[in-house]
Amino acid sequence: MENMPLSYPGPQGAQRWSYKRWLLCSAILLTVCSFSALILPFLPLKQAATDSCQAKFGPLPSKWQMVPPEPSCMNKTSDWKLTILKNGLYLIYGQVVFDTTYKGVAPFEVQLRKNKDAVQTLTNNFKIQTVGGTYELHTGDTIGLIFNSEDQILKSNTYWGIVLVANLQFNS
């Protein structure tokens, strides 16, 4: 049996870490992590304890369903539109289904709008489309699902909703 070395030498001039350096680096990393765990809870960010605040429009019957019935975080302005009453992080979700029997000439386009700006645009009329995401919204913002033509969608399968995820307030 040949005599084989238990370890192979590194490139010329390379130094191997001793266990003392490894131990020192581990101790520093542990100290930093422990310090972070002690400090993070005291940062000037506070999350207000809020009750549920959510709204959903559709599918049939095409009307707003809100929890609580008159939520303090948003107000319905029209069938597909809301006004935000509280700053916060909101989750928006929805589904748009194209009506394959539509024979009009208008191109298929659905937009999720914040104020007058499109934050998401759907143009594929061959399948069920999902809409939404997580957005930071502010008091006075309007959010809505806008259709090029409401005749293009199946209202029985199309809906959208919004949920206040966190009412974040930063202290200065």
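The salt bridge (Lys or Arg N to Asp or Glu O under 4.0 Å) search around Glu109 returns none, not counting sequence neighbours. Residues passing the ring-ring contact (aromatic ring centres under 6.0 Å, His included) test with Tyr135, sequence neighbours excluded: none. Taking Phe147 as the reference, Trp80 meet the ring-ring contact (aromatic ring centres under 6.0 Å, His included) condition, with sequence neighbours excluded. Residues satisfying the side-chain contact (heavy atoms from CB on, under 4.5 Å) criterion with Thr134, sequence neighbours excluded, are Leu89, Leu91.
When hydrophobic side chains of Ile, Leu, Val, Met, Phe, Trp and Tyr are connected at separations under 4.5 Å, Leu154 ends up clustered with Val97, Ile128. The hydrophobic cluster around Val105 extends to none of the other residues, as no ILVMFWY side-chain heavy atom falls under 4.5 Å of it.
For the atom pair Thr130 OG1 and Leu122 CG, the distance stands at 7.5 Å (nearest 0.5 Å). Separation of atoms CD (Gln111) and CG (Asp117) is listed at 10.0 Å; rounding is to 0.5 Å. Taking CE of Met74 as the reference point, atom CD of Gln54 lies at 8.0 Å (rounded to 0.5 Å). With rounding to the nearest 0.5 angstrom, the OG1 atom of Thr101 is 9.5 Å from the CG atom of Asp151. Put simply, OG1 on Thr139 and CG on Leu85 are 7.0 Å apart, with the number rounded to the nearest 0.5 Å. To the nearest 0.5 Å, atoms CD (Gln95) and CG (Leu145) are separated by 11.5 Å.
Counting all heavy atoms, side chain and backbone alike, Lys86 lies closest to Leu164 at CD-CD2, 4.4 Å. Contact record, Cys53 with Ser72: SG-N, 4.4 Å, taken as the closest heavy-atom pair. Closest approach of Val131 to Gln120, counting heavy atoms only: CG2-OE1, 3.4 Å.
Between Glu150 and Lys155 the shortest side-chain heavy-atom distance falls below 4.5 Å. The shortest distance between side-chain heavy atoms of Ile153 and Asp99 does not fall below 4.5 Å. Proximity of Pro107 to Asn148: side-chain heavy atoms (C-beta onward) are separated by under 4.5 Å at one or more points. Side-chain atoms of Tyr93 and Val163, non-hydrogen and from C-beta on, do get closer than 4.5 Å to each other. Side-chain atoms of Leu82 and Tyr90, non-hydrogen and from C-beta on, never get closer than 4.5 Å to each other.
The backbone N or O of Ala106 sits less than 3.5 Å from a side-chain atom of Gln152, completing a donor-acceptor pair.
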Show, in sequence, the C-alpha distance, side-chain angles and deciding distance for Trp160 and Val96, and conclude whether the side-chain contact (heavy atoms from CB on, under 4.5 Å) test is met.
CA-CA 8 Å; Trp160 80 281; Val96 178; over 6 Å; no
Output, in order, the C-alpha distance, side-chain angles, deciding distance and verdict of side-chain contact (heavy atoms from CB on, under 4.5 Å) for Leu137 and Ile162.
CA-CA 11 Å; Leu137 301 175; Ile162 183 168; 4.0 Å; yes
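If you look at Phe57 and Trp64, their ring centroids are closer than 6.0 Å.
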